[in-house]
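Only one structure is covered here, and it is reproduced in the block below.
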Amino acid sequence: MAELERIESLANAKIKLAAKLHSSTHRKTENMFVAEGIRLAEMALKAEWPVEYALISDTATENERAMAIVTALQERECSVYQVDDRVYDKAADTVTPQGVLLVVRNRIFSWQELLRSKEGTAPLIVVLDGIQDPGNAGTIIRTAEALGCTGIVCMENTVDVFSDKVVRASMGAVFNIPIITNAHHEEVIDVCHDNEVSLVATALEETAIRHYLADYVSPCAIVFGNEGNGVSDRMLTDADQKVYIPMSGQAESLNVSAAVAILLYEAYRQRSIL
């Protein structure tokens, strides 16, 4: 392993950039985001996401997994800088940092990558329409990746899925599934119709059917709405089918991440029995 270059100053440009990337505005401007922690760094490298540079704290140099990450980055000719804990804390966001931070360049995915089937199955896309809670968004990404979805589309009114909290909540799944962000309503509708993808929206309406009666084997995109208001009216208007999850308790609705898990597992079940 090559000797690591040190950064000593809090005013260093790379430290300041990493700190700025905790802001959504700067993430969008720079087209980069931060992945903190050993596990997230390992997953980003395994998925071959482009790493701009990395920081490792003095404390983390004593960790074998952290140093394996450093070696892997150097083999890819990626710059790795060693810093003391004070400088690392300036760049980091986590309360109990593990001393490994990657500045990752965002990947731009095309609709065709989301529509590409896996192992002969039809496309299965999750559309997030106004999801605002980072924990929900991260959990949904993790669930979608685990249950074989081909991609995720985030409408323009949805939380930034490359924020620190969402990336952590996804447990690194954000690196393993194609994601399109800031999609417009008309764009989603046109792509689905042009590619014969059925648009299924979750809704508490009389015209909605029980979720397990819908066909998820054919190409489909399932729309999940805002935590308080549900799917937007414009998406409901253009949906090919509306579904709801039957319940027997007193709760009016489920947490959106729980609803996603139920619907996607039904899709997984239907596709598994073919």
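For F162, the ring-ring contact (aromatic ring centres under 6.0 Å, His included) partners two or more places apart in sequence, or in a different chain, are F33. For Y212, there are no ring-ring contact (aromatic ring centres under 6.0 Å, His included) partners, not counting sequence neighbours. Looking at residues two or more places apart in sequence or on another chain, you find no side chain to side chain donor-acceptor pair (under 3.5 Å) involving H193. The side chain to side chain donor-acceptor pair (under 3.5 Å) test applied to Q98 returns no partner, not counting sequence neighbours.
Atom CG of D233 has 12 or fewer heavy atoms from other residues, nucleotides or ligands within 6.0 Å. Around OH of Y268, the count of heavy atoms belonging to other residues, nucleotides or ligands within 6.0 Å does not exceed 12.
Taking a 4.5 Å side-chain heavy-atom cut-off between Ile, Leu, Val, Met, Phe, Trp and Tyr, the cluster of I7 extends to L10, I15, L17, L21, M32, V34, Y53, L55, Y81, V83, V87, Y88, L101, V103.
In this structure, CG in L124 is found 4.5 Å from CZ in R271, a value given to the nearest 0.5 Å. A distance of 6.5 Å separates CD1 in I131 from CG in N136, rounded to the nearest 0.5 Å. Note that CG of L73 and CG of L45 are 5.0 Å apart. Values are rounded to the nearest 0.5 Å. Rounded to the nearest 0.5 angstrom, R142 CZ and I140 CD1 are separated by 13.5 Å. For the atom pair CD (E266) and CD1 (I245), the distance works out to 10.5 Å, reported to the nearest 0.5 Å. Taking NE2 from H22 and CZ from R27, the interatomic distance works out to 9.0 Å, rounded to the nearest 0.5 Å.
Considering all non-hydrogen atoms of both residues, Q241 and D215 come closest at NE2-N, 4.2 Å. Of all heavy-atom pairs between G151 and I177, the closest is CA-CG1, 3.9 Å. Taking all atoms of both residues into account, the shortest heavy-atom contact from V104 to A35 is CG2-CB, 4.2 Å. Heavy atoms only, all atoms of each residue included: L199 and I189 are closest at CD2-CD1, 3.3 Å. Heavy atoms only, all atoms of each residue included: L236 and E205 are closest at CD1-OE2, 3.6 Å. The two residues V167 and V161 come nearest to each other via the heavy atoms CG2-O, 3.9 Å.
Q112 is listed as a side-chain neighbour of N195, based on a closest heavy-atom distance under 4.5 Å. Side-chain contact between M155 and M235: present, with at least one pair of heavy atoms (C-beta onward) separated by less than 4.5 Å. Looking at L264 and I222, their side chains come closer than 4.5 Å, going by heavy atoms from C-beta outward. A heavy-atom distance below 4.5 Å is found between the side chains of I56 and M67. Within the 4.5 Å cutoff, no side-chain heavy atoms of L147 are placed close to those of R269. Using a 4.5 Å heavy-atom cutoff, the side chains of K165 and V159 are not in contact.
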Checklist line | Stepwise side chain to side chain contact (heavy atoms under 4.5 Å, CB included) check, N31 with I108 | finding: CA-CA 10 Å; N31 196 34; I108 306 300; 4.3 Å; yes
Notebook entry, point to check: Is there a side chain to side chain contact (heavy atoms under 4.5 Å, CB included) between L254 and M247 once you walk through the steps?
Noted result: CA-CA 9 Å; L254 294 171; M247 299 184 297; 3.6 Å; yes
Next item on the list: Apply side chain to side chain contact (heavy atoms under 4.5 Å, CB included) to the pair I179 and V174, showing each step before the final yes or no.
Entry: CA-CA 8 Å; I179 301 176; V174 69; 3.7 Å; yes
Checklist line | Derivation of the side chain to side chain contact (heavy atoms under 4.5 Å, CB included) call for E145 and I152 | finding: CA-CA 9 Å; E145 193 277 329; I152 296 172; over 6 Å; no
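Hydrophobic cluster membership differs between F224 and L204, with clusters built from Ile, Leu, Val, Met, Phe, Trp and Tyr side chains linked at under 4.5 angstrom. M171 and M43 are members of different hydrophobic clusters when ILVMFWY side chains are connected at heavy-atom separations under 4.5 Å. The same ILVMFWY cluster, assembled from side-chain heavy atoms under 4.5 Å apart, contains both I262 and V231.
The backbone N or O of S257 sits less than 3.5 Å from a side-chain atom of N255, completing a donor-acceptor pair. A donor-acceptor pair is defined here as one N or O able to donate and one able to accept, closer than 3.5 Å; no such pair exists between the side chain of T150 and the backbone of L115. Judged purely by atom type and a 3.5 angstrom limit, T202 uses its side chain to pair as donor or acceptor with the backbone of V223. Of the possible donor and acceptor atoms, one in the side chain of Q270 sits under 3.5 Å from a partner among the backbone N and O of Y216. The closest donor-acceptor contact from the side chain of T158 to the backbone of G130 lies under 3.5 Å. A distance-only check finds no donor-acceptor pair linking the side chain of E5 to the backbone of S79 [under 3.5 Å]. W111 places no side-chain N or O within donor-acceptor distance of the main-chain N or O of V191, the cut-off being under 3.5 Å. No donor-acceptor distance shorter than 3.5 angstrom exists from the side chain of D240 to the backbone of S198, with no hydrogens or angles considered.
The side chain to side chain contact (heavy atoms under 4.5 Å, CB included) with Y244 is formed by just one residue from the set E206, H211, R210; it is R210.
Here salt bridge (charged side-chain N to carboxylate O under 4.0 Å, His left out) pairs that include residues 86-113, with residues two or more places apart or in two chains, are E52-R105, D84-R86, D93-R168.
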